Amino acid sequence: MTTLTTKVTPYANEAFTNFALEDNVKAMQAAIAKVKGELGLEYPLYIGAEKVMTEAKITSINPGNVDEIIGYVSKADQALAEKAMNVALETFESWKKVPARERAEYLFKAAALMRERKHEFSALMILESGKNYVEADVDTAEAIDFIEFYAREMIRLSQINETQPLVRIPGENNQISYIPLGVGVVIPPWNFPLAICVGMTVSAVVSGNTVLLKPASTTPVIAHKFVALMEEVGLPAGVINFIPGSGAEVGDYLTTHPKTRFISFTGSKEIGLRINRLAADVAPGQIWIKRVIAEMGGKDGIVVDETADLDGAAAAIVASAFGFQGQKCSAGSRAIIVESVYDEVVEKVVAYTNRLQSGLPELNFAAGPVIDKTSYERILDYIEVGKSEGTLLVGGGKAEGNGYYIQPTVFGDVSGKARLMQEEIFGPVLAIAKAANWQEAIAMYNDTEFGLTGSYFSTDEERIAEALETVHCGNLYINRKCTGALVGVHPFGGFNMSGTDSKAGGYDYLMLLTQAKMTSRKV
Ligand SMILES: NC(=O)c1ccc[n+]([C@@H]2O[C@H](COP(=O)([O-])OP(=O)(O)OC[C@H]3O[C@@H](n4cnc5c(N)ncnc54)[C@H](O)[C@@H]3O)[C@@H](O)[C@H]2O)c1
Ligand SMILES: N[C@@H](CCC=O)C(=O)O
């Protein structure tokens, strides 16, 4: 039991750190130095109260300096995953009875502690995932936001009978309550290694579920740091079980497990579809239909018409394409520009891209490495494809450094059907296409199997009104970049092959992790 000491104030987004101020840069450098002093440690699995060190380990390295080892993280196999499942099932029986306000209190305490150690969390991401200062700071701020937001959301959901009473009829007292589902498998990606991992996990546990958290294998140390924080604030053992491991081995085992009640996944289309398919089969002994929340990839884009603020549009295109080296599901990897202003916008995009300098994230270069060798090779292959599909305008190959550095790369005159315009590259590669007019530009934007984020740049109100209706994506922005959704402000999730359109950071998110029970009592 935890004491309820937090005064619940209205939700507000965590402020970002201003790195134009020298003091803030120094504070981040100090945090990086501190984290560097702790590199190379070994980390255990968390299975209930037990910390299990396995012989097999995941070695986490710095993608910006591949000789630097971040840590060695224990690796679960199927037997350990089974053990964790049993602990999670047992813990669920007590955790589900903990009142919502008390569950939320653990989150409030965790948010406060993470805020205190904000730069330390960011510094670890700078080293483990290759984020620059701003990108890492935004990631930590978003993690704090998710914790604060979902804690309040659970309190709201638990009070729904008072705030949104059912239609009253004489002679009955009717109530609705949102009760937890059971044991969930939480599978986050590496690209928001703190924010998404934290958001997916705390939303599930504050709703009264217990979880098996399988972090991405490239960023397990930051995931461990979060799990350790939850332990520090006194979250009962067994609520979050930490089981890093192979997606194919542990992931498939738990996806098909009869006791898995739900799977909360964020990652690629391919793995999301696999999980969805495997989870649909009913295993012997299974008594429910598994719930699958699958947030997947994107082929996001920015449309610019001839009435737009062209400089603003070009800056937004570059920020959306190259923030965190294009490794965001929201990355604007396509730009579709109306013919009459095409040359002008492209010239500006090229100029802005040329300003991005590649180098070590810990020295805060704008363009850092991509996450690992597999991504590096895949992206370089796409660049070769691009050379035959368009005109190379900037970059086009490897960048200097002892890591997975790729030059921010821009191709022009790419056709709407080209692979570069259709496939998610998840790297620093931007494809630009020309459209005859704004209607054709929107049609080209919509010609994709994905539907996650998009932006439309225009000053024409009638066109904007039409774009708001016709541009088909889960997060549509007007006259701003297509990355950078804020928790509670821009609930985030996409259509079609971008996933199940669950809105992370939205008011209905916890309904995905609960089931509604109606009780009716004769009075
Ligand atoms: N829509 C969103 O909100 C969102 C947010 C972030 C990232 N993404 C997408 O994520 C992708 C990049 O992340 P990634 O490379 O980590 O994706 P990925 O699909 O390779 O891996 C995601 C997670 O799934 C695990 N996994 C792999 N095989 C598995 C299996 N068979 N069963 C269960 N789990 C398995 C991985 O270990 C990892 O933890 C991109 O496509 C990006 O667009 C989407
Ligand atoms: N929510 C983030 C993207 C998350 C996926 O990578 C954004 O809006 O940029």
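Each ligand, and each atom within it, is numbered from 1 in the order the structure gives. These numbers were taken from a predicted model, which means no experiment stands behind them.
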Undergrad: Any idea how Phe19 and His119 line up, ring-wise: parallel (<30°), tilted (30 to 60°), or perpendicular (>60°)?
TA: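 If you compare the ring of Phe19 with that of His119, the planes turn out tilted.
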Undergrad: Among all protein heavy atoms in this structure, tell me which lies nearest to atom 1 (N) of ligand 1, with the distance rounded to 0.1 Å.
TA: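 Looking only at protein heavy atoms, the one closest to atom 1 (N) of ligand 1 is Met296 O, 2.7 Å.
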Undergrad: Around atom 43 (O) of ligand 1, find the nearest protein heavy atom and jot down its residue, atom name and distance.
TA: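 Here the nearest protein heavy atom works out to Glu424 OE2, 2.6 Å.
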Undergrad: Are any of the heavy atoms in Phe192 under 4.0 Å away from ligand 1?
TA: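 No, that is not the case, since the closest heavy atom of the residue is not under 4.0 Å from the ligand.
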Undergrad: Would you mind telling me which of Ile302, Val345, Val349 makes a side-chain contact (heavy atoms from CB on, under 4.5 Å) with Ile432?
TA: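 Going through Ile302, Val345, Val349 one by one, the side-chain contact (heavy atoms from CB on, under 4.5 Å) with Ile432 is satisfied by Val349 alone.
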Undergrad: Which heavy atom of the protein is the closest neighbour of atom 8 (N) of ligand 1, given with residue, atom name and distance?
TA: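 That would be Cys329 CB, 3.5 Å.
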Undergrad: Just heavy atoms, cut-off under 4.0 Å: does Ile196 contact ligand 1 by side chain, backbone, both, or neither?
TA: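 For Ile196, only side-chain atoms sit under 4.0 Å from ligand 1.
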Undergrad: Strictly less than 4.0 Å: does any protein heavy-atom distance to atom 31 (N) of ligand 1 fall in that range?
TA: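 It does; a protein heavy atom is within 4.0 Å.
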Undergrad: Thr91 and Asn241: side-chain contact (heavy atoms from CB on, under 4.5 Å), yes or no, with the steps?
TA: CA-CA 10 Å; Thr91 311; Asn241 300 280; 5.6 Å; no
Undergrad: Taking only residues two or more places apart in sequence or in another chain, which ones pass side-chain hydrogen bond (donor to acceptor under 3.5 Å, both in side chains) with Glu423?
TA: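 If we apply the side-chain hydrogen bond (donor to acceptor under 3.5 Å, both in side chains) test to Glu423, skipping adjacent residues, the hits are Tyr382, Arg419.
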Undergrad: Would you call Asp137 and Lys131 a salt bridge, using N to O less than 4.0 angstrom?
TA: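 So Asp137 does not pair with Lys131 through a salt bridge.
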Undergrad: How many angstroms lie between CD1 in Ile187 and SG in Cys197, if you round to the nearest 0.5 Å?
TA: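 Going from CD1 on Ile187 over to SG on Cys197, the span is 12.0 Å.
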Undergrad: N/O to N/O below 3.5 Å, does that happen between Asn191 and ligand 1?
TA: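 It does not: no N or O of Asn191 is found under 3.5 Å from an N or O of ligand 1.
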Undergrad: Counting heavy atoms only, which part of Asn191 comes closer than 4.0 Å to ligand 2: side chain, backbone, both or neither?
TA: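 Only the side chain of Asn191 comes within reach of ligand 2.
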Undergrad: Anything under 30° is parallel, anything over 60° is perpendicular, the rest tilted; go ahead and classify Tyr376 against Tyr404.
TA: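 Correct class here is tilted.
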Undergrad: Just to confirm my output: which protein heavy-atom neighbour is closest to atom 13 (O) of ligand 1, and how far is it?
TA: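 Its nearest protein heavy-atom neighbour is Pro189 CB, 3.5 Å.
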Undergrad: For Ile187, take its heavy atoms, then give the atoms of ligand 1 lying under 4.0 Å from any of them.
TA: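 Answer for ligand 1: 23 (C), 24 (O), 25 (C), 33 (C), 34 (N), 39 (O).
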Undergrad: Checking a contact table here: which protein heavy atom is nearest atom 38 (C) of ligand 1, and how many Å away?
TA: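 For atom 38 (C) of ligand 1, the nearest protein heavy atom is Pro188 O, 3.4 Å.
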Undergrad: Hey, are Glu270 and Arg274 close enough for a salt bridge, meaning a charged N less than 4.0 Å from a carboxylate O?
TA: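 Answer for the salt bridge query: no.
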Undergrad: Counting only nitrogen or oxygen atoms and a 3.5 angstrom limit, does Gly267 reach ligand 1?
TA: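 Min N/O separation from ligand 1 is below 3.5 Å for Gly267.
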Undergrad: Give the atoms of ligand 1, by number and element, whose distance to some non-hydrogen atom of Ala216 is under 4.0 Å.
TA: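 That gives atoms 39 (O) of ligand 1.
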Undergrad: Look at atom 4 (C) of ligand 2 and say which protein heavy atom is nearest, naming residue and atom and giving the distance to 0.1 Å.
TA: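 The protein heavy atom lying closest is Cys329 SG, 3.2 Å.
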Undergrad: Considering distance alone, does some N or O of Thr255 sit under 3.5 Å from an N or O of ligand 1?
TA: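 Min N/O separation from ligand 1 is not below 3.5 Å for Thr255.
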Undergrad: Quickly, which of Thr210, Val239, Val186 forms a side-chain contact (heavy atoms from CB on, under 4.5 Å) with Val205? Name it, please.
TA: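 Exactly one pass, corresponding to Val239.
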Undergrad: For ligand 1, which atoms, with element, lie under 4.0 Å from some heavy atom of Ile275?
TA: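 Result: 33 (C).
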Undergrad: If you measure every N/O of Thr266 against every N/O of ligand 1, is any gap under 3.5 Å?
TA: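 No - when backbone and side-chain N and O of Thr266 are compared with those of ligand 1, no distance drops under 3.5 Å.
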Undergrad: Using a strict cut-off of 4.0 Å, indicate which atoms of ligand 1 neighbour a heavy atom of Phe265.
TA: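 Answer for ligand 1: 19 (O), 22 (C), 23 (C), 24 (O).
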Undergrad: Measure the acute angle between the ring planes of His224 and Tyr43, then classify it against the limits of 30° and 60° as parallel, tilted or perpendicular.
TA: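 Tilted: the ring planes of His224 and Tyr43 meet at 30° to 60°.
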Undergrad: Testing the 3.5 Å rule here: is there a donor-acceptor pair between the side chains of Thr500 and Glu295?
TA: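 Yes - a donor-acceptor pair under 3.5 Å links their side chains.
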Undergrad: Side-chain donor-acceptor pair under 3.5 Å between Thr140 and Ser122, yes or no?
TA: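 Yes.
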Undergrad: What atoms of ligand 1 come within less than 4.0 Å of a heavy atom belonging to Arg274?
TA: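 Listed by number with element: 31 (N).
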Undergrad: Please could you name the atoms of ligand 2 that Lys328 approaches to less than 4.0 Å, counting only its heavy atoms?
TA: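 Contacts of ligand 2 toward Lys328, numbered from 1: 6 (O).
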Undergrad: Does one side chain, of Asn132 or Asn364, offer a donor that lies under 3.5 Å from an acceptor on the other?
TA: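 Side chains of Asn132 and Asn364: no pair found under 3.5 Å.
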Undergrad: Do ligand 1 and Ser217 have nitrogen or oxygen atoms that lie under 3.5 Å from each other?
TA: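 It does not: no N or O of Ser217 is found under 3.5 Å from an N or O of ligand 1.
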Undergrad: Tell me the protein heavy atom at minimum distance from atom 17 (O) of ligand 1, and give that distance in Å.
TA: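 Protein heavy atom at minimum distance: Ser268 N, 3.4 Å.
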Undergrad: Using the rule given for side-chain hydrogen bond (donor to acceptor under 3.5 Å, both in side chains), can you reason through Thr255 versus Asp252, listing the C-alpha separation, both sets of side-chain angles and the distance that settles it, and then say yes or no?
TA: CA-CA 5 Å; Thr255 299; Asp252 281 359; 5.1 Å; no
Undergrad: Salt bridge check, Lys51 against Glu231: does any charged N sit closer than 4.0 Å to a carboxylate O?
TA: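 Yes, this pair counts.
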Undergrad: In terms of atom number and element, which parts of ligand 1 are under 4.0 angstrom from non-hydrogen atoms of Leu452?
TA: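 This gives 1 (N) as the contact atoms.
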Undergrad: Aromatic rings His257 and Tyr253: how do their planes relate, parallel, tilted or perpendicular, breaks at 30° and 60°?
TA: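 If you compare the ring of His257 with that of Tyr253, the planes turn out perpendicular.
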Undergrad: For Ala485, take its heavy atoms, then give the atoms of ligand 2 lying under 4.0 Å from any of them.
TA: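 Result: 7 (C), 8 (O).
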Undergrad: Any ion pair linking Glu135 and Lys328 (charged N to carboxylate O, less than 4.0 Å)?
TA: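 The answer is yes: the pair qualifies as a salt bridge.
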Undergrad: Give the atom numbers and elements of ligand 1 that come within less than 4.0 Å of a heavy atom of Phe492.
TA: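 Per the distance check, 3 (O).
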Undergrad: What protein heavy atom is closest to atom 2 (C) of ligand 2, reported as residue, atom name and distance in Å?
TA: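 The closest heavy atom on the protein side is Ser330 OG, 4.0 Å.
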Undergrad: Does ligand 2 come near enough to Cys482 that some N or O of the ligand is less than 3.5 Å from an N or O of the residue?
TA: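 In fact, backbone or side chain, Cys482 has no N or O that close.
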Undergrad: Evaluate Lys328 for polar contact with ligand 1, using N/O atom pairs at a separation under 3.5 Å.
TA: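 Not met; the criterion fails.
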Undergrad: Only heavy atoms count here, so choose which of Phe426, Phe450, Tyr253, Trp190 is nearest to atom 16 (O) of ligand 1.
TA: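 Closest candidate by heavy-atom distance is Trp190.
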Undergrad: Please could you name the atoms of ligand 1 that Asp252 approaches to less than 4.0 Å, counting only its heavy atoms?
TA: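 So the atoms of ligand 1 that pass are 30 (C), 31 (N), 32 (N).
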Undergrad: Look at the rings of Tyr11 and Phe149 and say which category their plane angle falls in: under 30° parallel, 30 to 60° tilted, over 60° perpendicular.
TA: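 Ring orientation of Tyr11 relative to Phe149: perpendicular.
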Undergrad: Of all the non-hydrogen atoms in the protein, which one sits nearest to atom 36 (C) of ligand 1, and at what distance?
TA: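 Nearest neighbour among protein heavy atoms for atom 36 (C) of ligand 1, to 0.1 Å: Lys214 NZ, 3.9 Å.
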